Novice: 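I have a structure here, written as structure tokens, and I will follow up with some questions on it.
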Amino acid sequence: MSYASVVDVLAGKVAVDDTVTVRGWVRTRRDSKAGISFINIHDGSCFDAIQAVVPAELSNYQSEVLKLTTGCSVAVTGVVVESQGKGQSYELQATAVKVYGWVDDPDTYPMAPKRHSMEYLREYAHLRPRTNVTGAVMRVRNTLSQAIHRFFHENGYLWVSTPIITTSDCEGAGEMFRVSTLDMLNVPKTEQGEVDYSQDFFGKEAFLTVSGQLNVESYACSLSKVYTFGPTFRAENSNTSRHLSEFWMVEPELAFASLDDVAYLAEDMLKYVFKAVLEERPDDMAFFQQRINPDAIERMEKMVNADFVHMDYTDAIEILQNCGKKFEYAVEWGVDLQSEHERYLAEEHVGAPVILKNYPRDIKAFYMRQNEDGKTVAAMDVLAPGIGEIIGGSAREERLDILDKRIEEMNLPAEEYGFYRDLRRYGTVPHAGFGLGFERLVAYVTGVQNIRDVIPFPRAPKSAQF
Ligand code: 4AD
């Protein structure tokens, strides 16, 4: 018996008149008066379902085929024929239908074939991949992650797996989830009455990482061109459509590099992955264009051909102050930009992605390289029209004396950064890198409004299912 996926049959990879078996889940069943049933089967391999035409002559037609409902799992064996149906390339003339699993109670099956709200689907994170929308998002997500790895591989970067459990706070923002095996009701205390972490699993306080950057920097300072791509965690109480408590981050790090080097790297990488999605997932992108964002495909095409606009933070403040638009949050030099400001700059002022550079040092992390003016650091954010910040990066402070001063000024525990200081003590080099929020990228490409709908199992404040 030869098996084929839905995409193989629909794409014509199985010869007409050949017999194959397709396995998947029933999307719909329709019965004609002439005693034939039409079953649509999807298996996740592409956007479309395949139609199987099932004749009443099959031995289990009455007993099983006519009882199939949405969500049942089946194997349909049949002869591949060219389809007469509109928009269908090939279909199966079924010779056998095997039922793997029935749907307990079809009336209460949560994924009935109709349009559900994204909020509703979130309640069924384990079943929503059976819907058109989540299936399409996850295929695009997969294409994006494969394209990212391919981009770095083709450009000579090594993938470094940085740890998920860490002892240092990369961003210094104190937004870390603690990893502990201590008994919460009976926490050991030191003589000073503080929690005694020396009795904890790692013998010290440990956390889930907020970023792999500090670790990947050490590999850049040995292997030159590296990146890490993995889950990161933020115990940040931000209940917005752009924030997750667990999200994936792509973090390249490049030795002997400046801020501009990684700004151009970010642009090249984004264009590469947008192109990959346009080429590899036209079916899903057509669906997003029809259902979610009428501009989805043109927007990607524009991005592939656009020159990203580099802009200084100081110039951006002036633009925002003089644009005549009323913002909820006032703008003055020294403030962190809010999403309304970022969106204005990218969407309305420029109409293309903006790379905003040289931020005030006081609002940025300790590791960013100080500029000559003493007020700003060599940091950048990439702002995409329609979503705002998707990338944050910087040149790293490679001068030990300046780094030490910064760690002290910011009251960070110097003893936790010993390994980081070593990189500046032993053969230091200028280097730079960035972090791309992977779910923000997926949301941007698909046009899906809420970042919780582009990750399989979203985690957010007061929300963690399964
Ligand atoms: O700007 P961030 O905090 O930068 C860093 O963590 C650096 N250590 C990265 C580096 O230079 N290697 O985060 C980087 C990106 C943001 O631009 C945003 O896209 C995403 O990560 N991000 C989030 N995405 C979803 N939910 C959150 N809570 C996020 N916080 C940041």
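Read the numbers this way: they start at 1 and go in the same order the structure lists the ligands and their atoms. This is a predicted model, so every value here is computed, not measured. As a basis for the values below, the full set of heavy atoms in this structure was taken, side chains included, without hydrogen atoms, waters or symmetry mates.
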Novice: Over 60° means perpendicular and under 30° means parallel, so classify the ring planes of Y120 and H116, tilted if in between.
Specialist: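 Rings of H116 and Y120: parallel, as their planes differ by under 30°.
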
Novice: For ligand 1, does M368 get within less than 4.0 Å through its side chain, its backbone, both, or neither, judged by non-hydrogen atoms?
Specialist: neither

Novice: Any idea which part of E236 is under 4.0 Å from ligand 1, heavy-atom wise: side chain, backbone, both or neither?
Specialist: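 Within the 4.0 Å criterion, E236 contacts ligand 1 through side-chain atoms alone.
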
Novice: State the atoms of ligand 1, each with its element, that fall below the 4.0 Å cut-off from a heavy-atom position in I390.
Specialist: 17 (O), 19 (O)

Novice: Can you tell whether the side chains of K357 and D381 come within less than 4.0 Å, N to carboxylate O?
Specialist: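 D381 and K357: not salt-bridged.
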
Novice: Based purely on interatomic distance, does H243 place a nitrogen or oxygen under 3.5 Å from a nitrogen or oxygen of ligand 1?
Specialist: no

Novice: Give a yes or no on whether a salt bridge exists between R139 and D284, defined as a side-chain N under 4.0 angstrom from a carboxylate O.
Specialist: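 The answer is yes: the pair qualifies as a salt bridge.
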
Novice: Under 4.0 Å, heavy-atom basis, I'd like to know which part of Y367 is in contact with ligand 1: side chain, backbone, both or neither.
Specialist: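 Side chain only; the backbone of Y367 stays clear of ligand 1.
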
Novice: Considering only heavy atoms, does F247 approach ligand 1 within less than 4.0 Å through its side chain, its backbone, both, or neither?
Specialist: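 Side chain only.
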
Novice: Any salt bridge between R281 and D283, counting N to O under 4.0 Å?
Specialist: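 Judged by the 4.0 Å cut-off on N to carboxylate O distance, R281 and D283 do form a salt bridge.
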
Novice: When you look for heavy atoms under 4.0 Å from ligand 1, do you find them on the side chain of I391, its backbone, both, or neither?
Specialist: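 Contact part for I391 vs ligand 1: backbone (N, CA, C, O).
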
Novice: May I ask you to check if ligand 1 and L436 share an N or O to N or O distance below 3.5 Å?
Specialist: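 Not met; the criterion fails.
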
Novice: I'd like to know if E408 pairs up with K405 as an ion pair, taking the criterion as any Lys NZ or Arg NE/NH1/NH2 lying under 4.0 Å from an Asp or Glu carboxylate oxygen.
Specialist: no

Novice: Quick check: does any side chain N or O of E246 sit under 3.5 Å from a backbone N or O of F233, one acting as donor and the other as acceptor?
Specialist: no

Novice: Compute the shortest N/O to N/O distance between E253 and ligand 1 and return yes if it is under 3.5 Å, no if not.
Specialist: no

